[in-house]
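Just so it is clear: chains get the letters A, B, ... in the order the sequence lines come, proteins before strands, and each one is counted from 1.
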Amino acid sequence: MSLLQPDSGLLFWMLLSFLIILALLAKYGFPVITKMVNQRKEYIDKSIAEAKKAAEKMERLKTESDTIIAQAYKQQQEIIKEGKAICEKMIADAKNDAYKEKQRVIDQTLEQIKAEKEKALSEIKASVLDISIRIAEQVLRKELESKQQQKEYSARLIDEILKSENRKS
Amino acid sequence: MIRKIITLMLLLSAAPFAAGAEESGCGQTAKGQEDVNVREIVFGHIQDSYQWHITKWKDKDITIPLPVILYSSESGFSCFLSDKIYPAGTEYNGFRIATAGKHEGKIVETCKDGSEIRPIDISLTKTACGIVISSIILLAVMLSVAHWYKNKKADSPAPKGFVGLMEMFIMYIYENVIEPCVGQSSAKYAPYLLTAFFFIFINNLLGLVPIFPGGANVTGNITVTATLAVITFIAVNVSKSKEYWKDIFWPDVPAWLKVPIPLMPAVEIFGMFTKPLALAIRLFANCLAGHCIILSLICTIFLTLKMGPAINSGMTVVSVIFATFMNLLEILVAFIQAFVFTLLSAVFIGQSHPEKHLEKENATVENINQ
């Protein structure tokens, strides 16, 4: 039976066709495809690795920026606090200064008033003295117009002086 | 869906009644021809032939004549279409198809002295024609797919559609069969293994198509499978390291197995040849068996024609169901046989590189067996 009997003519065609296919596909077919797929695979693997690295970097940068932001916030808070304190102190100082100044002005004024008052008082005193002396002069002049009156007055003065001498002794 | 199938079956079972009615109406034409010779039909389809038989229409064979190319010392080169020598036995320029004897079914030349000789016959027979058709399809498909990759960079988007499908297919074989089995020299052997895979696969598929460009029993032909096995044999044995030959002629076994009687070397050398032989026979037998079963099932319809319409109708339904099932199975087998051939070739090639990791190979083989 020819089923199990190889045929030389068919062998010729089979070898010819198969070797042609093999030659063509080995040169232009499969290596092109497998090479490209492997290249793509490498590229994808590389891309994934790079993406992973980038993600890690992003994560790191994010934590870094977070700490920086936190620090900045803290600093800001501190600055605000400091500013507030300074401000309060300044206000307090200003108040204090103002109070002192006020006090000083008041004191000065009071002193001035006092001085003025004293001056006025002494002036008044002087003029009162002057006036009273003149009044007394007038009164005395009027009272001592007669000799009699002068004698009497002198005697009374002596008495008074004596009395005061006695009282002293 | 199920309703459609049932309707189809009813139609099929009704067909023999109609045929029977027509026949009786025509008046018992050629009653003798009804004896269906299953053996002849089946072998006619699976054997090689000088013409491509398509169908029989009203007692007339519709065939595609194929070129006959002959060389003999008697008459030199001769080239003609095969319809000149059909029906078998018709003589043309001294050539005819032998109907009996040693060269039954082949072209023989009658010499002047009356003796018959077999000329050198490189006719484009049905199988050869099938090989050429499938080769052209394979080349067109693979080269067009490969053409897509031209001017593409590694960062170009992956292919879609048919190219994507073929890429997936090729890379499936490459990554799951060739790379684990062959290892480092994958790139060297991949073109042959992939070509063998797709050659067998496309021929198996074309063999399942019942009309013209398909239907040739290419992978079920011992010449074809033997050629493939011989190429695998060459790939396994040629340009191999010293370790490979040492393993064959002086393997790592107790010395009494090697001297004085070289028992193990004999076994190893025997193994060298049984491996490709097994490859050839496995592929041949599997593909032939598939064709035989489908053809036999279809023949059952015509065998039961004489047994009356009832039996014939029943058998028609059963045959069609079985033949459909077998065809689906054969599509699976078409892939499996191509896969197994490629896998075993890859394993043999991998084994001939002793430094390769055997564990990985065994793991793959076990995986496939599961």
Side-chain angles (χ1 to χ4, degrees), chain A residues 1-70, chain B residues 43 46-48 69-70 103-106 120-125 127-129 131-132 134-136 138-139 142-143 145-150 152-156 158 166-167 170-171 174-175 186-187 190-196 198-199 218 220-224 226-228 230-231 284 288:
Chain A
M1 194 155 30
S2 70
L3 261 183
L4 279 166
Q5 208 173 53
D7 183 69
S8 54
L10 188 59
L11 180 71
F12 167 77
W13 286 110
M14 172 62 195
L15 262 180
L16 184 74
S17 325
F18 193 79
L19 292 181
I20 289 172
I21 308 178
L22 186 58
L24 282 175
L25 290 187
K27 189 144 182 12
Y28 305 107
F30 297 119
V32 178
I33 299 168
T34 50
K35 203 176 128 207
M36 179 57 80
V37 172
N38 284 332
Q39 272 178 6
R40 194 193 302 140
K41 209 157 92 188
E42 268 165 34
Y43 176 76
I44 290 170
D45 285 350
K46 216 173 74 191
S47 302
I48 288 172
E50 267 168 17
K52 216 178 239 169
K53 233 189 262 169
E56 267 166 28
K57 206 174 165 187
M58 281 286 289
E59 193 71 21
R60 221 170 50 227
L61 281 177
K62 212 186 154 220
T63 46
E64 248 170 58
S65 73
D66 278 356
T67 47
I68 288 171
I69 288 171
Chain B
F43 278 96
I46 59 177
Q47 266 177 337
D48 207 357
I69 305 161
L70 300 165
H103 303 301
E104 191 189 342
K106 305 275 181 204
I120 293 169
D121 181 1
I122 49 164
S123 308
L124 206 58
T125 57
T127 310
C129 197
I131 291 171
V132 171
S134 57
S135 301
I136 290 167
L138 184 60
L139 274 181
M142 286 304 165
L143 291 181
V145 168
H147 182 75
W148 184 91
Y149 290 87
K150 224 176 167 185
K152 290 281 191 298
K153 296 263 164 7
D155 54 352
S156 311
M166 289 314 291
E167 182 190 299
I170 293 164
M171 291 319 286
Y174 186 74
E175 282 171 352
S186 304
Y192 164 62
L193 293 168
L194 284 168
T195 309
F198 284 102
F199 182 81
V218 175
N221 189 298
I222 191 79
T223 315
V224 174
T227 311
L228 288 170
V230 166
I231 297 172
F284 160 71
L288 191 71

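Taking chain B as the reference chain and counting heavy-atom pairs below 4.5 Å, the highest number among A:Leu19, A:Thr34, A:Leu15, A:Ile44 is found for A:Thr34. Between chain B and the residues A:Leu25, A:Leu11, A:Leu16, A:Val32, the largest count of heavy-atom pairs under 4.5 Å involves A:Leu25. When B:Leu228, B:Ile231, B:Leu288 are compared by the number of non-hydrogen pairs under 4.5 Å with chain A, B:Leu228 comes out ahead. Between chain A and the residues B:Val132, B:Leu124, B:Ile120, B:Ile46, the largest count of heavy-atom pairs under 4.5 Å involves B:Leu124.
Residues A:Leu24 and B:Leu143 come closest through the heavy atom pair O-CD2, 4.4 Å. Between A:Ile21 and B:Ser135, the shortest heavy-atom distance links the atoms CD1-OG, 3.3 Å. Residues A:Arg40 and B:Ala158 approach most closely at NH1-CB, 3.7 Å, considering heavy atoms. Closest approach of A:Leu22 and B:Pro191 over heavy atoms only: CD1-O, 3.9 Å.
Here the straight-line distance linking atom CD1 of B:Ile222 with atom CG of A:Asp7 works out to 12.5 Å at 0.5 Å rounding. Taken to the nearest 0.5 Å, the CZ atom of B:Phe199 stands 4.0 Å off from the CE atom of A:Met14. Note that NE2 of B:His147 and CD1 of A:Ile33 are 12.5 Å apart. Values are rounded to the nearest 0.5 Å. B:Ile131 CD1 to A:Trp13 CH2: the interatomic distance, rounded to the nearest 0.5 Å, is 10.0 Å. Here the straight-line distance linking atom CG of A:Leu10 with atom OG1 of B:Thr127 works out to 5.5 Å at 0.5 Å rounding. Residue B:Lys153 holds its NZ atom at 8.0 Å from CE of A:Met36, rounded to the nearest 0.5 Å.
Two residues are said to be in side-chain contact when any heavy atoms from C-beta on lie closer than 4.5 Å; A:Lys41 and B:Glu175 meet this criterion. Side-chain contact between A:Phe30 and B:Tyr174 is absent, with no heavy-atom pair separated by less than 4.5 Å. Looking at heavy atoms from C-beta onward, A:Asn38 lies in side-chain contact with B:Met171 at the 4.5 angstrom threshold.
Both the backbone and the side chain of A:Tyr28 come within less than 4.5 Å of a heavy atom of chain B. For A:Lys27, no part lies under 4.5 angstrom from a heavy atom of chain B. Only the side chain of B:Ile170 comes within less than 4.5 Å of a heavy atom of chain A; its backbone N, CA, C and O stay farther away.
In this structure, A:Phe18 and B:Tyr192 have perpendicular ring planes: the angle between them is above 60°, well past the 30° mark.
Every residue was checked against the side chain to side chain contact (heavy atoms under 4.5 Å, CB included) condition with A:Glu42, not counting sequence neighbours, and none meets it.
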